[in-house]
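Inspection log for the structure reproduced underneath, given as structure tokens.
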There are 2 protein chains.
Amino acid sequence: MLDIPKRDRRAERRAATRAEILDAAWAQVRANGLAALSLRDLARTVGMQAPSLYSYFDSKHAIYDAMYAQGARQFVEAEPSDQPGDPLEGLKQLVRFYVGFCAADAARYLLLFQRTIPGFEPSAESFAISEGSLERVGQRMAACGITDPDAVDLFTAIGTGLTDQQLSNDPGGDRWIRLIDDAVEMFHDYMTKKAKQPPARRRAR
Amino acid sequence: MLDIPKRDRRAERRAATRAEILDAAWAQVRANGLAALSLRDLARTVGMQAPSLYSYFDSKHAIYDAMYAQGARQFVEAEPSDQPGDPLEGLKQLVRFYVGFCAADAARYLLLFQRTIPGFEPSAESFAISEGSLERVGQRMAACGITDPDAVDLFTAIGTGLTDQQLSNDPGGDRWIRLIDDAVEMFHDYMTKKAKQPPARRRAR
DNA sequence: TAGGGATATCTAACATAATTAGGATATTAG
DNA sequence: CTAATATCCTAATTATGTTAGATATCCCTA
């Protein structure tokens, strides 16, 4: 206890205020929308002046990037990893998680999965955090015997469409649970049926 | 020719520069992204100073609103109205149109169907222009014998999800045509099968 | 315990944005 | 020809992100 180097003390404190800034940023963004992040207001709520933030973050985009990384970390940590016995149920579980995660925090959803902030693109490191989720989807589909290369894309499209629907029409409601089960079952039925069919007819071009 | 009232002449000219401003706004937005609409630049390209725009539009949001209304008008005018013989083909046609329309102009799509501009919401009048499209979807689904109240929402979700996929992964490509046909067939199969089933089991809560 | 270097924060200023106020100039109407 | 009006301008206001440079605060060493 006594021999904690002062240098670490300082680094600790620095990380603490960095986190405090990020928390305040989330609060502001949740209250007024993702785009409404004012450095002046942000600095004021943490008891600073605006330029002082620049010793913690290089720019406003850097703050968004840190928020992105934080959200992505939350995403991968909350993602269900144990697959239930019924593979179809596993797919449903995944989509329920995804839509539920997004609906729980609209601002976070917009930051992570829609690109709605003018010049902002997440950095490679931040983006890498959430990589691998798509592979998990592919694994669960394979467990259901679905191997069509287009299937992941179609499935993703359904998932994001449902999320959109949920967030724009009925945020906070739970009607989407019914829709998810329907959609996943529909998807599963169709893909298994299609897999049994001959070569699969292709559209001429 | 000679007896055109000067007053009409003026109104005509006024409408012309209004249209010119809107055209320049579209060009700017298509070139640099939907959010990158600068009144100064906009004014410069039409040979004005920024404040002069305010005699044509009340604010920047008013410009976005006019663009929205214009895009919505394009949408309803281009929407296929004659239903083909095969009702399933009618559904496919509608989704193909929708995704194609959106993919043809990403900026217009973002303005109309995603809410990506900070404080902007289309006015009631502008929004009303595109109303009624959903009903048309419902009609075509009814022609297929699909009457489930959730079906329209699920269908819409699939459509927007596909559009998203198309625009973010393969803008300009035509892979989505295959995906659309797949998705619509899948949807149709499932809904008709479901309609034949007994009361339909509901999830307990 | 006094001084020097790093650290944290500040104030002042700049560039750009949308927007408002008020004046100058041309066009129209009586 | 004169008065009104429409059209555009310049100048100023407010708010933004950001930079430059100064000032205080802390920590380690002599």
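The chains referred to below are lettered A, B, ... by the order of the sequence lines, with proteins before strands, and numbering in each begins at 1.
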Output one line per pair: protein atom, nucleotide atom from nucleotides 21-26 of chain D, and distance, for all N/O pairs under 3.5 Å.
none

Any N/O pairs under 3.5 Å between the protein and nucleotides 20-23 of chain C? List them or say none.
none

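With sequence neighbours excluded, the residues forming a side chain to side chain contact (heavy atoms under 4.5 Å, CB included) with B/T156 are A/Q165, B/L134, B/V152, B/T160, listed by chain and number. A/Y109 is linked by a ring-ring contact (aromatic ring centres under 6.0 Å, His included) to nothing, counting only residues two or more places apart in sequence or in another chain.
At whole-Å resolution of the value, CD1 in B/I117 and P in C/dA17 are 17 Å apart. As rounded to whole Å, 17 Å separates atom P of D/dT14 from atom CG of A/D41. B/R18 has its CZ atom 14 Å from the P atom of D/dC8, to the nearest Å. Counting to the nearest Å, the C1' atom of D/dA15 and the CG atom of A/L39 are 12 Å from each other. Distance B/M48 CE to C/dT25 P: 18 Å, rounded to the nearest Å. We find that CZ of A/R44 is positioned 17 Å from C1' of D/dG17, with the value rounded to whole Å. One atom, OH of A/Y64, and another, C1' of D/dG17, lie 12 Å apart when rounded to the nearest Å. Remark: P of C/dT19 and CZ of B/F57 are 13 Å apart, rounded to the nearest angstrom.
Annotation: of the two residues near DNA chain D, B/Q49 and A/R40, the 5′-most nearest-nucleotide partner is B/Q49. DNA chain C is contacted by both A/T17 and B/L37; A/T17 maps to the nucleotide lying nearer its 5′ end (nearest heavy atom per residue).
Among the heavy atoms of the strands, none lies under 4.0 Å from A/L42. Using a 4.0 Å heavy-atom cutoff across all strands shown, A/G119 reaches no nucleic acid atom at all. Using a 4.0 Å heavy-atom criterion, one finds that A/R14 contacts the sugar-phosphate atoms exclusively. A/L53 comes within contact range of no nucleotide atom at all, as no heavy-atom separation falls under 4.0 Å.
Between the side chain of A/T192 and the main chain of A/H188, a donor-acceptor pair closer than 3.5 Å is present.
Here A/S38 reaches the OP1 or OP2 of D/dT16: one of its side-chain N or O atoms lies under 4.0 Å away. Within the structure, a side-chain polar atom (N or O) of A/S52 is placed less than 4.0 Å from OP1 or OP2 of C/dC10.
Under a 4.0 Å N-O distance rule, the pair B/E89/B/R96 qualifies as a salt bridge.
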What pairs of donor and acceptor atoms, side-chain ones from residues 29-46 of chain A against any protein atom, are under 3.5 angstrom apart with sequence neighbours left out?
{"from": "A/R30", "atom 1": "NH1", "to": "A/D105", "atom 2": "OD2", "distance (Å)": "2.3"}
{"from": "A/S38", "atom 1": "OG", "to": "A/R40", "atom 2": "N", "distance (Å)": "3.4"}
{"from": "A/S38", "atom 1": "OG", "to": "A/D41", "atom 2": "N", "distance (Å)": "3.3"}
{"from": "A/T45", "atom 1": "OG1", "to": "A/L42", "atom 2": "O", "distance (Å)": "2.9"}

Side chains of residues 66-83 of chain A: which donor-acceptor partners sit under 3.5 Å, not counting sequence neighbours?
{"from": "A/Q74", "atom 1": "OE1", "to": "A/R108", "atom 2": "NH1", "distance (Å)": "2.8"}
{"from": "A/E79", "atom 1": "OE1", "to": "A/S133", "atom 2": "OG", "distance (Å)": "3.4"}

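The distance from atom CD of B/Q93 to atom CG of B/D86, rounded to the nearest 0.5 Å, is 11.0 Å.
Taking all atoms of both residues into account, the shortest heavy-atom contact from B/I63 to B/L22 is O-CD2, 4.1 Å. A/A183 approaches A/L162 most closely through the heavy-atom pair CB-CD1, 4.0 Å.
Ring geometry for B/Y98 against B/F113 counts as perpendicular: the plane angle is over 60°, on a 0 to 90° scale with 30° as the lower cut.
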